[in-house]
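The structure appears right after this line, and notes come after that.
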Amino acid sequence: CDAGDYISRDATLSADAICTRCAKGTFSATQNVDDCMSCTLGTDYQDQTGKTSCKDVSTTCTSGRYKTKDATLTSDIECTSCPKGKYGLDGECIDCTQGSTYQDQTGQTSCKDVR
C-alpha cells in the first residue's frame, strides 16, 4: 500500500492485500502500514483523505477577525470578521469609543474618527 493508505486486509494465497485511504484526521507517512496515525488535536489537522502528513493549525486569525471555533482533527480554527461598531486587534473585537469613533464596515482593524 502507498503512503496515505493502510492495509485493511492482508494478502492471501488467492488475493492481493486491500489498501484503504487514511480517513480525515489521520495520515500514514510510509508504505504498507497496518493503521493510520492520528493528527494531534490543537496542533495539527487533516481535512482530506489519503494524506501522508497533517497540516499545522493556525495560531491566530488575521487582523480584523476573531476566532469563532477551535481546531478539530479534521479542520483548522474558524475566524469571523469583527462586526460593524468594532475593530479587530490580536484576534479580539474591540468596541469603538462611542461619541468619538465609529466603524461602519465589518472586518476592520481600526475605528474611524467622528467628524
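How far OG1 of Thr60 is from CZ of Arg65: 11.5 Å, rounded to the nearest 0.5 Å. The structure places CD of Glu78 at 10.0 Å from CG of Asp70, a figure rounded to the nearest 0.5 Å. Taken to the nearest 0.5 Å, the SG atom of Cys54 stands 8.0 Å off from the CG atom of Leu73. Once rounded to the nearest 0.5 Å, the distance linking CG of Asp16 with CD1 of Ile7 reads 9.5 Å. Remark: Ile94 CD1 to Thr109 OG1 distance equals 11.0 Å, nearest 0.5 Å. Atoms SG and OH, on Cys82 and Tyr66 in that order, are 7.0 Å from each other to the nearest 0.5 Å.
Asp47 and Thr74 share no side-chain donor-acceptor pair at under 3.5 Å. A side-chain donor from one of Thr80 and Thr68 sits under 3.5 Å from a side-chain acceptor of the other.
In this structure, Thr101 contributes its side chain and Thr97 its backbone to a donor-acceptor pair below 3.5 Å. Not one N or O on the side chain of Glu92 forms a donor-acceptor pair closer than 3.5 Å with the backbone of Asp90. Of the possible donor and acceptor atoms, one in the side chain of Arg21 sits under 3.5 Å from a partner among the backbone N and O of Thr49. Although no hydrogens or angles enter the test, the distance criterion places a donor-acceptor pair under 3.5 Å between the side chain of Thr12 and the main chain of Ala15. The backbone N or O of Asp5 lies less than 3.5 Å from a partner atom in the side chain of Ser28, making a donor-acceptor pair. Remark: the backbone N or O of Ser110 is paired with a side-chain donor or acceptor of Gln103 at under 3.5 angstrom. At distances below 3.5 Å, at least one donor-acceptor pair connects side-chain atoms of Asp76 with backbone N or O atoms of Ser58. Between the Gln108 side chain and the Gly88 main chain, no donor and acceptor come within less than 3.5 Å of each other.
In this structure, Ala3 and Thr52 approach most closely via the heavy-atom pair CB-CG2, 3.6 Å. Across Cys93 and Pro83, no two heavy atoms sit closer than the pair SG-CD, 4.1 Å. The shortest non-hydrogen separation linking Lys67 to Cys61 is N-SG, 3.4 Å. Nearest heavy-atom pair, Tyr102 versus Val114, reported as atom, atom and distance to 0.1 Å: CD2-CG2, 4.0 Å. In terms of heavy atoms, Ala71 sits closest to Leu41 at O-CD1, 3.8 Å.
For Asp95 and Lys86, the salt-bridge test passes: some basic side-chain N is under 4.0 Å from an acidic carboxylate O. For Lys55 and Asp44, the salt-bridge test fails: no basic side-chain N is under 4.0 Å from an acidic carboxylate O.
The closest side-chain heavy-atom distance from Gln46 to Lys24 is not below 4.5 Å.
Residue Lys112 qualifies as enclosed at atom NZ: its count of foreign heavy atoms under 6.0 Å is above 12.
As a member of the Ile/Leu/Val/Met/Phe/Trp/Tyr network built from side-chain separations under 4.5 Å, Val57 groups with Tyr45, Ile77. Met37 belongs to a hydrophobic cluster whose other members, connected by ILVMFWY side-chain contacts under 4.5 Å either directly or through intermediates, are Phe27.
Remark: Thr20 pairs with Ser8 by the side-chain hydrogen bond (donor to acceptor under 3.5 Å, both in side chains) rule, at least two apart or across chains.
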